[in-house]
Amino acid sequence: MLGKIVLSEIQLTERRRFGSTDIYLSPLGLGTVKLGRNQGVKYPQQFSIPDNRAASALISAAKNFGINFIDTAPAYGTSEERLGELLQGQRNDWVICTKVGEEFDNGESRFDFSAAHTRFSIERSLRRLRTDYLDIVLIHSDGNDLDLLARGESLAMLEQLKREGLLRAFGMSTKTVDGGIAAANASDGVMATYNSEYIAEKPVLDYCAAHHKGVLIKKAFASGHINDPATSLRFVLDHPGVSSVIVGTINPDHLRANVAAAFRTDSASAN
Ligand SMILES: NC(=O)c1ccc[n+]([C@@H]2O[C@H](COP(=O)([O-])OP(=O)(O)OC[C@H]3O[C@@H](n4cnc5c(N)ncnc54)[C@H](OP(=O)(O)O)[C@@H]3O)[C@@H](O)[C@H]2O)c1
């Protein structure tokens, strides 16, 4: 349902530092797979991609709720291009995270972690998002986290692009514990999966907390399969390593419920 959004008094004023960077994130971020792609996804229900009016209302509501963090990727269909249009005039209000390495064309994913593709992808993301810098860029792992790190090409190129001022921070969206820890070691932070029913990657979060690396959480609701979203969100946010939880929703009522679950009266400070 994408109807009327009722703004409320609830606002997430808490900001959490992304590792040792100068980037400060709302504890809840907005995931945007569903703004750009409805093929090859693992959500429990089919859905229609929201039109511009609904997507714009969702983004405004998120901003009014104190959310300052939005996550996209070239592999999320039209997500980057749409955000370029939808976020026009509000670049300074948002921390934008995108990714490199995964492409999604004609219903299929393919991967390219070469240095040349990494630069090409970043330059394309800048054009699509209509900006001259990206805040956080993650290598979109295909699951072979350690191999990608050992190959090192994409990571080295991201380091270079950070020196050139095209991005502020970089890391990897990982799928394994060893890979998550190694990626954290080699970068500003990681994106890992963690929720009340899946804690296998907790050692990555623990490592990052101990070593001042950033942690973004994906699939905090197991892509919509979790029974109690509010409990899972609070469980994830209680881990001291977590910088922000990216929840993908296109339902304004769910957005509001998630903000309410993430809201704490005593947490209006950055850690
Ligand atoms: N490899 C990667 O780097 C990677 C992989 C996956 C995801 N991500 C990022 O992480 C984000 C989140 O991951 P995800 O979308 O897979 O999973 P998720 O956030 O765990 O779950 C999203 C699903 O939960 C539903 N939902 C949200 N709030 C709800 C609520 N309060 N009550 C009931 N259902 C609710 C959403 O449906 P409604 O739209 O109906 O609310 C949606 O279908 C993505 O959007 C993306 O930005 C990254």
Side-chain angles (χ1 to χ4, degrees), residues 8-34 58 61-71 94-97 135-136 138 169 171 173-175 177 180-181 183-184 188-271:
S8 84
E9 66 293 345
I10 301 176
Q11 222 195 10
L12 297 174
T13 50
E14 180 187 3
R15 294 291 180 259
R16 295 184 177 196
R17 190 173 181 185
F18 183 64
S20 304
T21 72
D22 60 356
I23 298 173
Y24 290 85
L25 305 172
S26 47
L28 185 65
L30 187 63
T32 64
V33 173
K34 292 175 91 173
L58 188 82
K63 191 159 83 169
N64 287 326
F65 282 134
I67 291 173
N68 76 341
F69 186 37
I70 199 154
D71 179 66
W94 293 98
V95 175
I96 299 177
C97 176
D135 296 290
I136 303 174
L138 304 174
S173 178
T174 52
K175 299 195 180 189
V177 170
I181 290 172
D188 297 304
V190 297
M191 180 182 275
T193 301
Y194 191 59
N195 61 54
S196 56
E197 292 172 13
Y198 174 84
I199 59 164
E201 293 173 40
K202 182 173 179 291
V204 178
L205 279 59
D206 296 341
Y207 182 89
C208 287
H211 295 83
H212 308 292
K213 299 291 183 174
V215 179
L216 309 175
I217 298 298
K218 58 188 170 187
K219 305 185 187 178
F221 298 163
S223 297
H225 296 273
I226 211 109
N227 286 325
D228 183 348
T231 299
S232 190
L233 185 54
R234 281 192 286 265
F235 169 78
V236 174
L237 283 169
D238 276 346
H239 193 290
V242 170
S243 319
S244 187
V245 182
I246 308 290
V247 174
T249 182
I250 51 171
N251 179 324
D253 294 334
H254 288 169
L255 175 68
R256 192 179 192 290
N258 299 340
V259 170
F263 182 72
R264 291 164 210 222
T265 48
D266 60 345
S267 57
S269 62
N271 65 10

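Looking only at side-chain heavy atoms (C-beta outward), C208 and V190 come within less than 4.5 Å of each other. A 4.5 Å side-chain heavy-atom check between D71 and V33 finds every atom pair outside the cut-off. Two residues are said to be in side-chain contact when any heavy atoms from C-beta on lie closer than 4.5 Å; R15 and S26 meet this criterion. Residues F221 and N195 have side chains not in contact (no heavy-atom distance under 4.5 Å, counting atoms from C-beta outward). At a threshold of 4.5 Å between non-hydrogen side-chain atoms, the residues I67 and L255 count as touching. Contact of the I217 side chain with the L205 side chain is registered, since non-hydrogen atoms from C-beta on lie closer than 4.5 Å.
Nearest heavy-atom pair, A169 versus D188, reported as atom, atom and distance to 0.1 Å: CA-OD2, 3.2 Å. Counting all heavy atoms, side chain and backbone alike, A220 lies closest to S232 at O-OG, 2.7 Å. Minimum heavy-atom separation, A262 to L28: CB-CB, 4.4 Å. Listed here is the closest heavy atom pair of F65 and R256: CZ-CG, 3.7 Å. T174 and G180 make their closest contact through OG1-CA, 3.6 Å (heavy atoms, listed as atom of the first residue, atom of the second, distance). Heavy-atom minimum distance, E14 versus P27: O-CD, 3.3 Å.
The backbone N or O of A184 sits less than 3.5 Å from a side-chain atom of K213, completing a donor-acceptor pair.
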Which atom pairs, donor and acceptor, lie under 3.5 Å between side-chain atoms of residues 236-243 and protein residues at least two apart or in another chain?
residue, atom, partner, partner atom, Å
D238, OD1, R264, NH1, 3.2
D238, OD1, R264, NH2, 3.4
H239, ND1, G241, N, 2.9
H239, NE2, D206, OD1, 2.6
S243, OG, V215, N, 2.9
S243, OG, V215, O, 3.2

*Worked check of side-chain contact (heavy atoms from CB on, under 4.5 Å) between I136 and F69*: CA-CA 10 Å; I136 303 174; F69 186 37; 4.1 Å; yes
*Between L216 and L138, does a side-chain contact (heavy atoms from CB on, under 4.5 Å) hold up when you go through it step by step?*
CA-CA 10 Å; L216 309 175; L138 304 174; 4.1 Å; yes
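Partners of N258 according to the side-chain hydrogen bond (donor to acceptor under 3.5 Å, both in side chains) rule, which considers only residues two or more places apart in sequence or in another chain, do not exist here. Residues satisfying the salt bridge (charged side-chain N to carboxylate O under 4.0 Å, His left out) criterion with K218, sequence neighbours excluded, are absent altogether.
Atoms CD1 and OG1, from I226 and T231 in turn, are 9.5 Å apart once rounded to the nearest 0.5 Å. Within the model, atoms CD1 of I70 and SG of C97 stand 11.0 Å from one another, a figure rounded to the nearest 0.5 Å. The CD1 atom of I96 sits 11.0 Å away from the CG atom of N68 when rounded to the nearest 0.5 Å. To the nearest 0.5 angstrom, D22 atom CG is 9.5 Å from D135 atom CG. A distance of 11.5 Å separates OG1 in T32 from CD1 in I250, rounded to the nearest 0.5 Å.
Counting non-hydrogen atoms of neighbouring residues, nucleotides and ligands closer than 6.0 angstrom, the NE2 atom of H225 exceeds 12 such neighbours.
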